[in-house]
Amino acid sequence: MEDCIFCSIVAKETPANIEYEDEEIMAFWDIEPKVEVHILIVPKKHIPSITDLQDIDSPLIGKMVMVAKLLAEKKGISEDGYRLVFNVGKHSGQVVNHIHLHLMGGEPLGEMTD
Ligand code: 5GP
Ligand code: ZN
């Protein structure tokens, strides 16, 4: 997909600090971490938003959550807890139109609406 920063990272045309990769998924650090551990889990397939998901994508989304769980364990933040967030559309402040799951933790997190 042209002009998609996350497709460019997936294609390794734009550098990123990659934590995980398989045939369907990539995970890399957020360029501006909002908390101690802030990793983005993305499908390699370009899907703009949760609103564009189809039934066939269900296993992919499940796998993204499993990768988040794995990375939380790898980073040692599982025991204290963390947050998984999908921003969807205008009201959420979604700025990158390629689905990404935020894995955030490593410190106490504020209220959901902060
Ligand atoms: P959104 O608000 O769309 O859910 O979050 C997009 C996230 O992507 C933001 O937290 C932002 O810092 C991050 N981001 C934007 N551009 C880049 C980039 O080029 N590289 C990386 N690693 N993260 C990015
Ligand atoms: Zn994309």
Side-chain angles (χ1 to χ4, degrees):
M1 184 59 63
E2 276 178 40
D3 297 331
C4 172
I5 185 64
F6 288 177
C7 281
S8 177
I9 289 173
V10 164
K12 306 218 168 122
E13 289 160 6
T14 297
N17 186 355
I18 296 169
E19 282 286 349
Y20 176 91
E21 182 174 10
D22 66 26
E23 61 286 350
E24 289 182 301
I25 288 170
M26 187 181 275
F28 48 84
W29 281 78
D30 195 291
I31 202 166
E32 285 178 26
K34 312 314 185 269
V35 288
E36 185 105 358
V37 176
H38 190 173
I39 295 170
L40 305 172
I41 296 104
V42 311
K44 289 190 168 179
K45 173 182 171 186
H46 181 87
I47 306 172
S49 175
I50 291 283
T51 55
D52 300 297
L53 282 178
Q54 300 180 316
D55 285 344
I56 198 174
D57 299 315
S58 293
L60 182 62
I61 297 299
K63 203 169 162 195
M64 287 169 68
V65 174
M66 293 308 287
V67 169
K69 170 187 182 258
L70 180 86
L71 290 176
E73 285 161 6
K74 184 176 160 195
K75 293 293 158 195
I77 62 171
S78 271
E79 201 177 316
D80 287 336
Y82 52 89
R83 183 170 290 153
L84 299 180
V85 173
F86 283 110
N87 283 323
V88 185
K90 188 173 68 177
H91 278 186
S92 75
Q94 181 183 0
V95 292
V96 177
N97 292 317
H98 179 134
I99 287 185
H100 49 282
L101 178 59
H102 293 257
L103 165 62
M104 307 173 90
E107 61 184 270
L109 302 165
E111 295 292 320
M112 286 288 286
T113 50
D114 281 356

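In this text the structure is predicted, and so the values were computed from the model without any measurement. Atoms within a ligand are numbered from 1 in the order they appear, just like the ligands themselves.
The nearest N/O/S atom of His98 to the Zn ion (ligand 2) is ND1. Restricting His46 to its N, O or S atoms, the one at the least distance from the Zn ion (ligand 2) is ND1.
The six-membered or imidazole ring of His102 lies near that of His100, with a centre-to-centre distance under 6.0 Å.
A salt bridge does not link Glu36 to Lys75: none of the charged side-chain nitrogens sits closer than 4.0 Å to a carboxylate oxygen. Look at Lys34 and Glu107 and you find no salt bridge, because none of the NZ, NE, NH1 or NH2 atoms lies under 4.0 Å from a carboxylate O. Note on Lys45 versus Glu24: no salt bridge recorded, every NZ/NE/NH1/NH2 to OD/OE distance being 4.0 Å or above.
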Discussion item. Run the side-chain contact (heavy atoms from CB on, under 4.5 Å) test on Tyr20 and Ile41 for me, step by step, so that the C-alpha distance in whole Å, both residues' side-chain angles and the decisive distance to 0.1 Å come before the verdict.
Written reply: CA-CA 9 Å; Tyr20 176 91; Ile41 296 104; over 6 Å; no

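Within the listing of ligand 1, atoms 2 (O) sit less than 4.0 angstrom from a heavy atom of Gly93. Every atom of ligand 1 is numbered from 1 in the order shown, and the set under 4.0 Å from a heavy atom of Phe28 is 22 (N). Using a 4.0 Å cut-off to heavy atoms of Asn87, the atoms of ligand 1 that qualify are 1 (P), 2 (O), 4 (O).
In this comparison of Ile9, Ile31, Ile18, the heavy atom closest to atom 23 (N) of ligand 1 sits on Ile31. For the residues Val96, Leu101, Asp30, Ile99, the heavy atom positioned nearest atom 15 (C) of ligand 1 is part of Val96. Nearest residue to atom 4 (O) of ligand 1 from His100, Gln94, Met104 is His100 (criterion: closest heavy atom).
For Val95, a nitrogen or oxygen atom sits less than 3.5 Å from a nitrogen or oxygen atom of ligand 1, counting backbone and side chain alike. Every N/O-N/O distance between Thr14 and ligand 1 stays at or above 3.5 Å. Annotation: His38 places no N or O atom under 3.5 Å from an N or O atom of ligand 1; distance criterion only.
Contacts of Val85 with ligand 1, taken as heavy-atom pairs under 4.0 Å, are absent altogether.
Although no hydrogens or angles enter the test, the distance criterion places a donor-acceptor pair under 3.5 Å between the side chain of His98 and the main chain of Pro43. Judged purely by atom type and a 3.5 angstrom limit, Lys74 uses its side chain to pair as donor or acceptor with the backbone of Glu19.
Contact between Phe86 and ligand 1 is absent, with no heavy atom of the residue lying under 4.0 Å from the ligand.
A side-chain contact (heavy atoms from CB on, under 4.5 Å) with Ile25 is found for exactly one of Leu101, Leu60, Val42, namely Leu60.
Here the protein heavy atom with the shortest distance to atom 22 (N) of ligand 1 is Trp29 O, 2.8 Å. Among all protein heavy atoms, the one lying closest to atom 19 (O) of ligand 1 is Ile5 CG1, 3.3 Å.
The hydrophobic clustering, which links ILVMFWY residues whose side-chain heavy atoms are closer than 4.5 Å, places Val96 and Ile50 apart.
Scanning both residues, Leu103 and Ala72, for their nearest heavy atoms gives CD2-N, 4.0 Å.
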